[in-house]
Amino acid sequence: MVIPKYCDPKTVYTPKDIQTDMLSQQGVNLSYMQAWRAKEKALQFLRGHPADSYNKLPKYFYILEKTYPGSVVKLKKTADECFLYAFVAIYTSISGWEYCRPVVVVDGTFLKSAYRGIMLTASTMDATGTILPLAYAVVDSEKDASWK
């Protein structure tokens, strides 16, 4: 069975593919930039604007706190209500620390999207050698204020 390229989630539909399809199916010659903008608009229509996701964070954090009592969930915004920092430590992970080796591994990675930042994680290992995530945070940059 052949899955159409528009329906297969594994298909990466590039601007070049859009150019080719528009020319063959509609007889319209698009520049690469026009095809790229069309793809971006379609994705925004389907997924919503990325900034809208940040507006949902307070609700998401509220649900986390209600679902996992004892969790540590913090959201810091600027004076004009823009996202600055987020920190999450789920209670299950916090209580699991009691059964782990007393070693914490902290790591960070750069977020490469429209909204730059750094994701920090803290993990440990339990007695069976399984990695247990303890907490994660999303910050604007690695500086003293974001570590606090």
Considering non-hydrogen atoms only, spot the tightest contact between Leu132 and Gly96 and give its length.
CD2-C, 3.9 Å

List the steps, then state whether side-chain contact (heavy atoms from CB on, under 4.5 Å) holds for Tyr32 with Gln19.
CA-CA 7 Å; Tyr32 184 87; Gln19 283 179 298; 3.8 Å; yes

Ignoring hydrogens, what is the shortest heavy-atom contact between Asn29 and Gln34? Give both atom names and the distance.
O-OE1, 4.3 Å

Nearest-0.5 Å distance, CG of residue Asp140 to NZ of residue Lys76:
11.0 Å

Other residues, nucleotides, ligands: >12 heavy atoms within 6.0 Å of Tyr54 OH
yes

Please report the closest heavy-atom contact between Ile131 and Ser123, naming both atoms and the distance.
CG2-CB, 4.0 Å

May I ask you to decide if Tyr13's main-chain N or O and Lys39's side chain share a donor-acceptor pair within less than 3.5 Å?
yes

Under a 3.5 Å distance rule, please check whether Thr67 uses its side chain to pair with a backbone N or O of Ile63 as donor and acceptor.
yes

Can Val73 be reached from Tyr91 by stepping across I, L, V, M, F, W or Y side chains whose heavy atoms are under 4.5 Å apart?
no

Besides Val72, the hydrophobic cluster formed by Ile, Leu, Val, Met, Phe, Trp and Tyr side chains linked at under 4.5 Å, directly or via other members, contains Phe87, Ile94

Gln44 CD to Asp52 CG distance, which is reported to the nearest 0.5 Å
8.0 Å

Should we count NZ of Lys77 as having more than 12 external heavy atoms under 6.0 Å?
yes

Tell me if a side-chain donor or acceptor on Asp21 pairs with a main-chain N or O of Ile18 at a distance below 3.5 Å.
no

So which atom in Thr124 and which in Val103 form the shortest heavy-atom distance, rounded to 0.1 Å?
OG1-O, 2.6 Å

Under 3.5 Å: donor-acceptor pair, side chain of Ser24, backbone of Thr20
yes

In chain order, what residues pass the salt bridge (Lys or Arg N to Asp or Glu O under 4.0 Å) check against Lys16, with sequence neighbours excluded?
none

In Å, rounded to the nearest 0.5 Å, how long is the span from CD1 of Ile90 to OH of Tyr136?
6.0 Å

Just to verify, which of Leu84, Leu111, Ile118 counts as forming a side chain to side chain contact (heavy atoms under 4.5 Å, CB included) with Val139?
Ile118

Using the ring-ring contact (aromatic ring centres under 6.0 Å, His included) rule, collect all pairs that involve residues 57-80, keeping only residues at least two apart or in two chains.
none

Is the side chain of Ser71 donor-acceptor paired with the backbone N or O of Glu65 at a distance under 3.5 Å, no angle test?
no

Please check if the side chain of Ser93 supplies one atom and the backbone of Ala135 the other of a donor-acceptor pair under 3.5 Å.
no

Measure the shortest side-chain to side-chain distance between Pro58 and Leu75 over non-hydrogen atoms and say whether it is less than 4.5 angstrom.
yes

